[in-house]
Amino acid sequence: MRQSHLFTKTKKEVPKDEASKNAQLLIKAGFIYKEMAGVYAYLPLGLRVLEKIKQIVREEMDAIGGQEFIMTSIQRKELWEKTDRWNDENVDVWFKSSLKNGTEVGFGWSHEEPITELMKQYLTSYRDLPTYVYQFQTKLRNELRAKSGIMRGREFIMKDMYSYSLDEAQHQTFYDATIEAYLKVFARVGLADDTFVTFASGGAFTQFSHEFQTITDAGEDVIYINREKHIAINEEVMNDTVLKELGVTREELEQVKTAEVGNIFNFGTVKCEQLGLSVVDADGKSIPVFLGSYGIGITRLMGVLVEHFSDENGLVWPEAVAPFQIHLVSLCKDAIDIKKADALYTQLHESGIDVLYDDRDARPGEKFADSDLMGMPVRVVISPRTLEKGEVEIKYRTSGDEKHVALTAVMTEIQ
RNA sequence: CGGAGUGUAGCUCAGUUGGCUAGAGCACCUGGUUUGGGACCAGGGGGUCGAAGGUUCAAGUCCUUUCACUCCGACCA
């Protein structure tokens with residue numbers, strides 16, 4: 001991608017109506033645009049990051065048997081009344097509207113009910129189980145107060161997966177597989193060391209649910225962790241009984257601030273019973289279905305990555321999610337040098353490398369500042385100075401390490 | 001939803017006890033000089049001062065209402 005053709009540009013100043021680091025940096029660097037409080041548009045650079053994150057999640061969900069589809073944003077009231085989650089006392093984040101004929105509808109803040117209703121058409125026999133489906137959907141939640149930039153919006157993208165299982169054991173197997181898959185996701189985006197499977201309140205069916213919490217000051221949760229034993233407990237369930245059960249003492253735990261990046265939940269058979277989803281077993285007898293739901297906040301995860309990896313010069317993207325792998329910055333002025341820079345760009349591009357080519361007619365200082373701000377993992381500078389020796393300069397965003405490499409050796413160096 | 005704060009150019013802001021044609025920096029346009037860490041000179045375009053109502057000879061400035069945004073809290077299967 002030639003930067004001269006890239007839609008959006010960087011800013012020197014951050015908008016004053018943003019206090020969170022993730023929104024400030026992402027707006028400054030031209031990744032997102034704020035429509036209103038808690039509602040953000042994703043510009044080409046931001047969208048690339050989102051798609052990279054989604055692809056990682058997609059691969060890991062597919063690997064454990066998930067099948068991607070997509071539900072609707074407009075939902076029927078009746079389904080939510082069956083589970084008593086339509087009224088504002090029980091769910092206070094509904095956006096509601098009505099059709100021209102007066103029929104009330106809701107905008108999806110979650111999808112268990114409609115997906116389970118859908119499943120009634122397709123799951124009829126024990127032979128149909130287990131079934132695992134997931135989607136990337138825009139969730140709409142009428143939050144009383146949006147905050148923390150893209151980490152807590154009124155409109156956000158979530159991956160939500162649902163498992164329909166024959167029995168407790170089958171459910172548990174997939175539940176455990178999902179924990180492993182989630183850990184792989186967070187490892188792949190670079191958060192392995194600071195993300196913890198955390199015991200949290202479990203609701204009616206199990207003692208605990210599991211949250212995936214990533215350490216960040218921008219988070220909203222407080223958890224207690226033990227890094228050696230890999231145990232983490234949400235403060236909301238921290239008590240002596242729980243400590244005893246998990247075999248740790250209070251003294252062994254460290255208090256940290258975290259953001260919830262993922263969450264898995266066991267609904268038992270209750271949700272399916274409420275909605276009338278059952279299958280017949282081998283004897284032709286009707287039996288209840290076990291439901292599990294598993295979420296990862298995609299846009300929130302992007303926000304956490306910004307909070308986690310940025311520095312005073314701007315964004316610092318982990319390689320796996322960077323919008324481009326390489327930022328090729330050309331300082332060339334005359335036609336012959338520009339031709340060489342163009343050739344290098346073409347070579348990198350045609351090798352299948354995601355490369356952003358700063359071919360703009362701008363001053364070096366501005367280009368370097370923009371490059372740092374946008375945060376690609378590798379910066380390659382080509383200029384009259386480097387070309388004199390037939391070289392380019394390679395600088396790594398994370399470490400700041402810098403080296404000069406022969407023009408002919410760029411490809412091998414980058415691999 | 002309770003508390004606090006802020007609304008003036010695309011962005012960041014200044015604007016005195018009410019007073020003349022509402023300003024600066026950044027960004028943008030034109031010309032020139034520059035070119036390895038956000039350059040400089042000259043010129044230029046851009047404003048319902050968040051909105052509505054009121055007081056006044058006169059309102060960005062005072063009063064009332066309202067809307068939006070931010071932060072703290074509450075809330076967040």
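In what follows, every chain begins at residue 1, and chains take the letters A, B, ... in the order their sequences are listed.
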(message) Which nucleotide wins on minimum distance to the side chain of A:F368, given the candidates B:A77, B:C71, B:G37?
(response) B:G37

(request) Decide salt bridge (charged side-chain N to carboxylate O under 4.0 Å, His left out) for A:R2 and A:D342; before the verdict, give the C-alpha distance in whole Å, the side-chain angles of both, and the deciding distance to 0.1 Å. (result) CA-CA 10 Å; A:R2 283 178 178 266; A:D342 284 351; 3.5 Å; yes

(request) Can you tell me, in whole Å, how much space there is between the P of B:G46 and that of B:G5? (result) 37 Å

(message) Just the rounded figure in Å: distance from P of B:C75 to CD of A:E260.
(response) 16 Å

(message) Restricting to ring-ring contact (aromatic ring centres under 6.0 Å, His included), what partner residues turn up for A:Y357, sequence neighbours left out?
(response) A:Y345

(request) Both distances under 3.5 Å, Watson-Crick or G-U wobble: report the partner of B:C62, or none. (result) B:G54

(request) Run the numbers on A:Q3 and A:D359 for side-chain hydrogen bond (donor to acceptor under 3.5 Å, both in side chains), then give the verdict. (result) CA-CA 6 Å; A:Q3 203 168 333; A:D359 60 336; over 6 Å; no

(message) Under 4.0 Å, counting only non-hydrogen atoms across every strand here, what does A:K11 touch: a base, just sugar-phosphate, or nothing?
(response) base

(request) Let me know, please, whether A:S20 or A:K12 comes out on the 5' side of the other along RNA chain B by nearest nucleotide. (result) A:K12

(message) Could you check whether A:K21 pairs with A:D217 (Lys NZ or Arg NE/NH1/NH2 to Asp/Glu carboxylate O, under 4.0 Å)?
(response) no

(request) Hunt down the Watson-Crick or G-U wobble partner of B:C75, both distances under 3.5 Å, from any strand shown, or write none. (result) none

(request) Could you go through the salt bridge (charged side-chain N to carboxylate O under 4.0 Å, His left out) check for A:D370 and A:K9 one step at a time? (result) CA-CA 9 Å; A:D370 275 348; A:K9 48 181 116 172; over 6 Å; no

(message) Has A:D62 got a side-chain atom pairing as donor or acceptor with A:G65's backbone, closer than 3.5 angstrom?
(response) no

(request) Mind running a 4.0 Å heavy-atom check of residues 288-308 of chain A against RNA chain B and sending the residues that fall below it, in number order? (result) none

(message) By nearest atom, which of the nucleotides B:G37, B:G38, B:U70 is closest to the A:R379 side chain?
(response) B:G37

(message) From C-beta outward on A:K34, which listed nucleotide comes closest to its side chain: B:C69, B:A77, B:A74?
(response) B:C69

(request) Could you walk me through whether A:Y175 and A:S163 pass the side-chain hydrogen bond (donor to acceptor under 3.5 Å, both in side chains) test, one step at a time? (result) CA-CA 8 Å; A:Y175 190 92; A:S163 68; over 6 Å; no

(request) Select one nucleotide: of B:C76, B:U70, B:C1, the one nearest the side-chain heavy atoms of A:D17. (result) B:U70

(message) I want to check something: taking the side chain as every heavy atom from C-beta on, are A:V279 and A:T124 in contact at a cut-off of under 4.5 Å?
(response) no

(message) Would you measure the distance from the P atom in B:C20 across to the matching atom in B:U35 and give it in whole Å?
(response) 46 Å

(message) Using a 4.0 Å cut-off on heavy atoms, which residues in residues 68-80 of chain A reach RNA chain B? List them by number, or say none.
(response) none

(message) Nearest whole Å is fine: how far is B:A77 P from A:D92 CG?
(response) 9 Å

(request) Using the salt bridge (charged side-chain N to carboxylate O under 4.0 Å, His left out) rule, take A:R385 and A:E391 through it: C-alpha gap first, then chi angles, then the decisive distance, then the call. (result) CA-CA 9 Å; A:R385 189 186 288 183; A:E391 293 178 337; over 6 Å; no

(message) With a 3.5 Å cut-off and heavy atoms only, can you find an N or O donor on one side and an acceptor on the other between the side chain of A:R152 and the base of B:C76?
(response) yes

(request) Strictly below 4.0 Å, heavy-atom distances to any atom of RNA chain B: list the hits from residues 356-365 of chain A, or just say none. (result) A:R363, A:P364, A:G365

(request) Searching all strands shown, indicate the nucleotide that pairs with B:A39 (Watson-Crick or G-U wobble; both distances under 3.5 Å). (result) B:U33

(request) Fit a plane to each ring of A:F174 and A:Y132, take the angle between them on a 0 to 90° scale, and name the class: parallel (under 30°), tilted (30 to 60°) or perpendicular (over 60°). (result) parallel

(message) Please pick, from B:C69, B:G7, B:G37, the nucleotide with the shortest atom-to-atom distance to any side-chain atom of A:K16.
(response) B:G7

(message) Between A:K271 and A:E112 (salt bridge meaning N to carboxylate O under 4.0 Å), is one present in this structure?
(response) no

(message) Taking CG in A:D361 as the centre, count heavy atoms belonging to other residues, nucleotides or ligands within less than 6.0 Å. Is the count above 12?
(response) no

(request) Could you work out which one of B:A77, B:C11, B:G37 sits closest to the side chain of A:P15? (result) B:C11

(request) For B:G18, give its Watson-Crick or G-U wobble partner with both distances under 3.5 Å, or none. (result) none

(message) Measuring only the C1' atom in each nucleotide, how far is B:G7 from B:G50? A whole number of Å is fine.
(response) 6 Å

(request) Could you check which nucleotide pairs with B:U12 in any of the strands shown, counting Watson-Crick or G-U wobble with both distances under 3.5 Å? (result) B:A24

(message) Is the terminal nitrogen or CZ of A:K77 (NZ for Lys, CZ for Arg) located under 6.0 angstrom from the six-membered ring centre of A:W94 and within 45° of that ring's axis?
(response) no

(request) Could you please name the partner base of B:C69, counting Watson-Crick and G-U wobble pairs only when both distances are under 3.5 Å? (result) B:G5

(request) Mind listing the residues from residues 383-411 of chain A sitting with a heavy atom below 4.0 Å of RNA chain B? Number order is fine. (result) A:S383, A:R385, A:T386, A:E393, A:K395

(request) Taking only the side-chain heavy atoms of A:A19 (C-beta and beyond), determine which of B:C69, B:A77, B:C71 contains the nearest atom. (result) B:C71

(message) My understanding is that only one of A:T178, A:I264, A:I296 makes a side chain to side chain contact (heavy atoms under 4.5 Å, CB included) with A:M161; could you say which?
(response) A:T178

(message) Using whole Å, what does the distance between atom P of nucleotide B:C69 and atom CD of A:E143 come to?
(response) 14 Å

(request) Could you check how far NZ of A:K367 sits from P of B:U34, rounded to whole Å? (result) 19 Å

(request) Considering only NZ, NE, NH1 and NH2 on the basic side and carboxylate oxygens on the acidic side, decide whether A:E254 and A:R227 come within less than 4.0 Å. (result) yes

(message) Would the base of B:A77 count as contacting A:S209 through its side chain, where contact means a donor and an acceptor less than 3.5 Å apart?
(response) no

(request) Mark yes when over 12 heavy atoms from residues, nucleotides or ligands other than A:K96 sit less than 6.0 Å from its NZ; otherwise mark no. (result) yes

(message) Roughly how many Å apart are B:G43 and B:G60, using the P atom of each and rounding to a whole number?
(response) 29 Å

(message) Let's see if you can work this out: which of B:U12, B:G37, B:U70 has an atom nearest to the side-chain heavy atoms of A:E13?
(response) B:U12

(request) Under 4.0 Å between any heavy atoms, over every strand shown, what does A:V91 touch: base, sugar-phosphate, or nothing? Just pick one. (result) nothing

(message) Tell me whether the side-chain N or O atoms of A:R145 pair up with the base of B:A74 as donor and acceptor below 3.5 Å, since no angle test is needed here.
(response) no

(message) Over all strands shown, is A:D370 touching base, sugar-phosphate only, or nothing at heavy-atom distances under 4.0 angstrom?
(response) base

(request) Quick one: look up who B:U48 pairs with, Watson-Crick or G-U, both distances under 3.5 Å, and put none if it's unpaired. (result) none

In residues 37-49 of chain A, what donor-acceptor pairs under 3.5 Å come from side-chain atoms, sequence neighbours left out?
unit_1	atom_1	unit_2	atom_2	d
A:Y40	OH	A:E18	OE1	3.3
A:Y40	OH	A:E18	OE2	2.7
A:R48	NH1	A:P323	O	3.0

